[in-house]
Structure formats: structure tokens, C-alpha cells
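Each remark here refers to the structure printed beneath this line.
Keep in mind it's a predicted model, so treat the numbers as computed, not measured.
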Amino acid sequence: MKVLIIGGVAGGATAAARLRRLDESAEIIMFERGDYISFANCGLPYYIGGEITDKGALTVQTPESFKSRLNIDVRVRETVTAINRKEKTLTVQKADGSIYTESYDKLLVTPGAAPVKLPLEGIDAPNVFTLRNIPDTYKIDEFISRNKPKTAAIIGGGFIGLEMAENLKRRGLEVTVIEAAPQIAAVLDEDTVCDLQNYLVTQGITVKTNVKLNSIGETGCDMVLVSVGVKPESELAVSCGLETGIKGAIIVDEYLRTSDPDIYAAGDAVQIKNFVTGGDGYVPLAGPANKQARIAADNIAGGNSTYKGTQGTSVLKVFGMAAAATGLNERAAKAGGIPYDKVFLYSANHATYYPGAEFMNLKVIFDTTNGRILGAQAVGSGGVDKRIDVLATAIRGGMRASDLCDLELAYAPPFSSAKDPVNMAGYVIENLMTGKVKQIHWHQVDELTGTPGLQRIDVRPAEAYAGGTIPGAVSIPLTELRNRLGELDKNRPVYVSCQTGLNSYIACRILTGHGFNAVNLAGGYRLYDSVRRAKNN
């Protein structure tokens, strides 16, 4: 069997290696139009920032190592220009311009995705960059070293743009992030991204949202990085008649087969199924790309492996903070027509009495009909990746809130609490679903303000209340609540807030026990204030 692979980075290299392990006799040829194969795309910003100093560390494999270890013919600086499905051949152009054809029995297409190019005046100026590969990285690094720019604009506030904001700042530049949408980091919701945005400001990063540019010159900066997302490189697939879908991504089945049974595709060029909703989507991530490539190789070799969908688990480190997400955010849940609600916890990454505890903002989205976990997001200094990974596993396993309560997670004071934040999320959801508490959210606070006869109480200590509170809230500290019930009207709801939503839950239970209709503010004043500050930055 002769297998040709178009694309030699994550997906192509993974598939080639897997295929060789499955079939020692197969002839495998991999084409890469660039100079490098199997390089660490996700590590490129850290080379620019100086955290990675060895150029060789960015390259996982070389054509020579693939040949010597795996007997795979890797052809770099060779561009596949056409696929002839009828003849089962590729047309290939070498670096010197010469052209030849190569036949195949099976073909795997893994060209990846290319940065979106904005139609802005000045977009082709020599101080404007995108970041996709190692040559892009070297160009940016050399420009900074040679020209000593003082200011940089990053157009686009996605994960790559934010990673580059940190690393350009480390190089001594004053950095401005410019985002056309109302918020940065679109995989997060507004109420979790606010902590990240507020933190970036404390690190000296200027963040501008809801800004649409007409020209590069409007940034006023010495250099510009355009990072507004990617689009699938599906031109070859389109030109040979393969079916495409969202954003032009190649349509594949669960076996990673295209509309041609002898052609497979994987990675950032393919359309995926959303694991949670079952709907079609486009989610270019390294983890899913590698899994797809492995499954495609299995099936090319005669196996029966299936790809079960992408849930979009991702994580970002920026300075000393991490942000992560998995499954659906609120926008996706609404688009999917799923009845949902959300809970917020402000939890320590380990026991608070053990030195060095750091708090995280954890949000979990669930189906209100059955408690199934739909998605989760977390922002904080420590423990974020661990909790999101547990919740990603819970989503993959179809777990419900009660299952989160039952999870037995590793505990010792330096690592967690006896009731891990993931367990606590399950408890909070169960309390809601069993009617032990009612809640409202930060975005409903202002909607209620001004309602005649509105009862709001803040159960934090008086000194915390004095530092800021929900509009119209009266101070009744939790320790005084039982003795001051006479100040409240049982005929009207009582909206209760505290700092994070925990003590106000306890207050709601007290009030409920005394015949009041109590409603808790999810996430407390801390979340309400964080969102408000982010909007005003």
C-alpha cells in the first residue's frame, strides 16, 4: 500500500508515525511545503518572549529522523498543487520550480489552517506580522532585535494574541490588544473573562474591545501582530471536488474519510462534530488534530477507529494567570437550544490553611432538565488546568451534577481541599436542582434595581460592605441575621449577596427556614464588581 500525506506538521507527522507502527511494509511519503516538519506551533510565542531559547527545541522531528527511525520519505519544500482523484495522483512542485506527479492508494490531507488576513490598509507593511510557523517566529524575533520597536499592537484577543501580548511585553514593548468583539478570549463568557482582562491591565497591557480598524496606521504602534483567527487551508480539497462545509472546512465522517473513500483528512482543515451538542463545527486545536490523525492512520491501515467529536478543551497562560475552558459556553448553549443554568465558585486551589493558596473563578454550565454538565470555565493563578481537565473528563463521560459530588479526587493540603472545587460545583448545582436555593445572576442585578419594594441585603461584615456593595443593598451581616429578621418583609422576596455567594447561600437557608422567599446572588459581589470593572477599563 502506498500512502501519501499532504502536510508535515502535527497531524501529518502523527499520522505518518502511527501508520508506520501499524504497517511496516507500507510506502509512506509526506509532503511539506515549508522547511520544517513536526514543529511545536504552540511553543512559538515563548521563543519570541525568551522563555524558550534553543531554536532546536521547537522542532520535534526532522526529515532525517523520520527516515532513519520510521523509514518515511519526507519531502520538504515541495508543494502539492493538485489532486487528481480519478487517476489517484498528486501534482507536486519542487522548490526549484520543477513539477512531477506521484500516485497513491490512500491519501491523507492535513494542510492545517492559515491566519485570517484582514482587508486593512497597510496590512502588507514590513512591520505587520502573523504567527503560524517557525519562519514567522524568526521574522518577528529578528524585527524586534534589529529595529528595537517600543510599542506593539496585537489585533485580535484570542489565546494566541494574549500569549503574544505577554511575550512581547517580556521583550520590553508596550503592548495594546485590540479586539473587535465586546470581549477578549471568546471561548470564555463575559463573567469569567473579566478577571483575565482586569489582570492584564495590572500587568501593563492595554486592552481595547469593540474596536474596528480601517487601517494598520490607526494602531499608532511600531509593530503589529494580526491574530484574528484562522481559516482551513482547504483549497486543494475544493479544487478536486471534495465536499466542504463551515468556513470551507473539509467534511469528514467519523472515520475521518472525506467524500472520496480513498482520501482522508484530519486536523485544522476539517469540520468536526461538537461532542456536547452533536452539531457541526470548526474547532482548530492541537489535541483534537493529533487524535484525528491517529484515527485516520488506523483506518487507512484497515482498522475501525472512530472520532467521537471535539469539545474544545483549551488553556491559556498569561503572566501568572491561567484561563481554561471545556465544552459549551453560554453562547453555544443558547445556540443549541439547550435549557441551561450556571453556577460560580470562587475556590482555593488547595487548603487555605496551607501556605500559598490561590483562588480561581470557576464557572460550570449544566442542563436544567437533568443536571448534565455542559461546559466549564476557570480563571485563576493556580489549579485551573486540573479542575478543567476533571470537568472535561466529566463531560466526556456524560456525567451529571450528582456524579461530580461523588468523584473521589486526590486530597492533601498542598494539593486540594477535602471537598474539591469540582465536588463543590456538584453540590451547588444539586442545591439548585432540588430547590434548596434560588439564584439570580450578575446581569440581572441592574434589571431589578428600581423595582418598587425591592429587598436587598448584604450579609458581609460591615467593613466589607463599606468598601462597595450591590446597588440598594442593606447591610445585615450574617452573624446578625437571625436577630434582625424583623426588619424584613416575608411577603416580598429577599435578594441576598455576600462576597462570593457562599455566605449568602447560608443566609438564604436561614431565611427559608423562617418562611422567607430568599434568592441568592450567584458569584456574589466579587463577580458583579469584576464584570463592572472590566467594562470600565
Side-chain angles (χ1 to χ4, degrees), residues 191 194-195 341-348 351-353 357 359-364 368 401 405 417-419 421 423-533 536:
D191 40 32
C194 58
D195 281 357
D341 202 354
K342 59 212 175 188
V343 296
F344 299 92
L345 297 91
Y346 194 60
S347 301
T352 53
Y353 59 81
F359 284 80
M360 74 187 85
N361 180 4
L362 177 63
K363 175 180 182 177
V364 180
T368 54
C405 300
S417 299
K419 291 182 286 189
N423 298 132
M424 291 300 299
Y427 298 146
V428 175
I429 296 171
E430 272 208 332
N431 285 339
L432 285 168
M433 296 196 67
T434 55
K436 293 183 178 64
V437 70
K438 301 173 185 176
Q439 69 177 11
I440 63 167
H441 295 291
W442 61 269
H443 50 81
Q444 297 171 296
V445 168
D446 294 338
E447 296 169 14
L448 287 170
T449 300
T451 302
L454 180 67
Q455 293 189 109
R456 280 180 175 161
I457 64 172
D458 185 328
V459 298
R460 294 176 297 163
E463 57 269 24
Y465 173 87
T469 189
I470 299 299
V474 174
S475 176
I476 304 182
L478 180 61
T479 54
E480 301 176 14
L481 180 59
R482 288 183 177 88
N483 296 324
R484 296 176 62 180
L485 294 175
E487 300 175 26
L488 301 171
D489 185 352
K490 285 188 178 181
N491 295 315
R492 291 182 283 124
V494 183
Y495 295 92
V496 189
S497 61
C498 68
Q499 185 66 14
T500 65
L502 176 57
N503 283 336
S504 52
Y505 161 69
I506 296 171
C508 284
R509 292 303 302 157
I510 293 171
L511 289 165
T512 300
H514 287 273
F516 289 86
N517 178 14
V519 184
N520 190 29
L521 174 61
Y525 178 72
R526 192 206 72 83
L527 179 61
Y528 173 84
D529 183 58
S530 184
V531 175
R532 182 175 57 85
R533 285 188 288 113
N536 293 331

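Side-chain atoms of N520 do not come within 3.5 Å of backbone N or O of A522 as any donor-acceptor pair. Under the 3.5 Å distance criterion, the side-chain polar atoms of D529 are left unmatched by any main-chain donor or acceptor of Y525. Panel note: side chain S504, backbone T500; no donor-acceptor pair is recorded below 3.5 Å. Between the side chain of R509 and the backbone N or O of K436 there is at least one donor-acceptor pair closer than 3.5 Å.
Note that the CZ atom of R533 and the SG atom of C194 stand 8.0 Å from one another [nearest 0.5 Å].
In this view, H443 and K342 satisfy the side-chain hydrogen bond (donor to acceptor under 3.5 Å, both in side chains) rule, not counting sequence neighbours. Residues satisfying the ring pair (Phe, Tyr, Trp, His ring centres under 6.0 Å) test with F359, not counting sequence neighbours, are Y346. Remark: K419 engages no residue in a side-chain hydrogen bond (donor to acceptor under 3.5 Å, both in side chains) (not counting sequence neighbours). Among residues two or more places apart in sequence or in another chain, the side-chain hydrogen bond (donor to acceptor under 3.5 Å, both in side chains) test is passed with T512 by none. A search for side-chain hydrogen bond (donor to acceptor under 3.5 Å, both in side chains) contacts involving S347 returns nothing, not counting sequence neighbours.
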Legend entry - Stepwise side chain to side chain donor-acceptor pair (under 3.5 Å) test for N517 and Y495: CA-CA 9 Å; N517 178 14; Y495 295 92; over 6 Å; no
Inset, instruction - Go through the steps for E487 and I457 under the test side chain to side chain contact (heavy atoms under 4.5 Å, CB included), then give the verdict. - result: CA-CA 11 Å; E487 300 175 26; I457 64 172; over 6 Å; no
Inset, instruction - For the pair V494 and V519, evaluate side chain to side chain contact (heavy atoms under 4.5 Å, CB included) and give the outcome as yes or no after the intermediate values. - result: CA-CA 6 Å; V494 183; V519 184; over 6 Å; no
Inset, instruction - For side chain to side chain contact (heavy atoms under 4.5 Å, CB included), just list the numbers for L362 and M424, CA-CA rounded to whole Å, side-chain angles, deciding distance to a tenth of an Å, and then say yes or no. - result: CA-CA 10 Å; L362 177 63; M424 291 300 299; over 6 Å; no
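The side-chain tip of K490 points at the ring of F516 from less than 6.0 angstrom away and within 45° of straight on.
The side-chain heavy atoms of Q455 and L488, taken from C-beta on, include a pair separated by under 4.5 Å. Counting heavy atoms from C-beta outward, V437 and L432 have side chains that approach closer than 4.5 Å. Side chains of D191 and N361 form no contact here, defined as non-hydrogen atoms less than 4.5 Å apart. By the 4.5 Å heavy-atom criterion applied to side chains, H441 and L527 are not counted as neighbours. Here the side chains of L481 and N483 are not in contact, with every heavy-atom distance at 4.5 Å or above. With contacts defined as side-chain heavy-atom distances shorter than 4.5 Å, the pair L521/V496 does not qualify. A heavy-atom distance below 4.5 Å is found between the side chains of R482 and I510. Under the 4.5 Å side-chain criterion, counting only non-hydrogen atoms from C-beta, V459 is not in contact with I506.
Residues R526 and D195 are paired through a salt bridge, judged by an N-O separation under 4.0 Å between the basic side chain and the carboxylate.
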Donor-acceptor pairs are to be reported for all side-chain atoms of residues 469-480 against protein atoms at under 3.5 Å, with residues two or more places apart or in another chain.
{"unit_1": "T469", "atom_1": "OG1", "unit_2": "D458", "atom_2": "OD2", "d": "2.7"}
{"unit_1": "E480", "atom_1": "OE1", "unit_2": "R484", "atom_2": "NH1", "d": "2.9"}

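N491 and D489 make their closest contact through N-OD1, 2.8 Å (heavy atoms, listed as atom of the first residue, atom of the second, distance). For L448 against T451, the heavy-atom pair with the smallest separation is O-OG1, 2.5 Å. Nearest heavy atoms, M433 versus T368: CE-O, 3.4 Å. Closest of all the heavy-atom pairs between K438 and A518 is CB-O, 3.9 Å. Summarising the geometry of T352 relative to A348, their closest heavy-atom pair is CG2-CB, 3.6 Å, with the distance given to 0.1 Å. Across every non-hydrogen atom of K363 and F344, the tightest pair is CD-CE2, 3.5 Å.
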